[in-house]
Amino acid sequence: MATDYDAPRKTDDDLSEDSIEELKSRRVDKTSSSVDVDETEQAEGFELPGADLSGEELSVRVLPKQADEFTCGRCFLVHHRSQLAKESNGVMICTECAA
């Protein structure tokens, strides 16, 4: 918002002369200008250029957990054994979760 620095400014006496009703109406006007927007509804309206993926299928090859991998007991991600930070009561914790 642009500010006009040449406009006359209100003094403390002018500010104290404002009525309570006028101050309340100003406060209500400022809060009523904000709009509650649902982000998911807003995101549904966006289309990527040239991205008609309605007829596409994703094909991902899923591999079982390998012998040198473990599943973290906190984040439940599969990590390589080199990322094992600690093991307590059979629960393995990765270095990221242990930090």
*Asks:* For residues 84-99, pull every pair meeting side-chain hydrogen bond (donor to acceptor under 3.5 Å, both in side chains), keeping only residues two or more places apart or in separate chains.
*Replies:* none
*Asks:* Name all residues meeting the side chain to side chain contact (heavy atoms under 4.5 Å, CB included) criterion together with L58; count only those two or more places apart in sequence or in a different chain, and write none if there are none.
*Replies:*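 In terms of side chain to side chain contact (heavy atoms under 4.5 Å, CB included), with neighbours along the sequence ignored, L58 is linked to no residue.
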*Asks:* Is there side-chain contact between M92 and T71, with at least one heavy-atom pair below 4.5 Å?
*Replies:* no
*Asks:* Between Q66 (side chain only) and P64 (backbone N and O only), is there a donor and an acceptor less than 3.5 Å apart?
*Replies:*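 Yes, the answer is positive, given that a donor and an acceptor are paired below the 3.5 Å cut-off.
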*Asks:* Mind listing the closest non-hydrogen atom pair of C72 and I93 along with its distance?
*Replies:* SG-CA, 4.1 Å
*Asks:* For residues 76-85, which side-chain N or O atoms pair as donor and acceptor with protein atoms under 3.5 Å away, sequence neighbours left out?
*Replies:*
residue : atom : partner : partner atom : Å
H79     : ND1  : Q83     : OE1          : 2.7
H80     : ND1  : S82     : N            : 3.1
H80     : ND1  : S82     : OG           : 3.1
H80     : NE2  : D68     : OD2          : 3.1

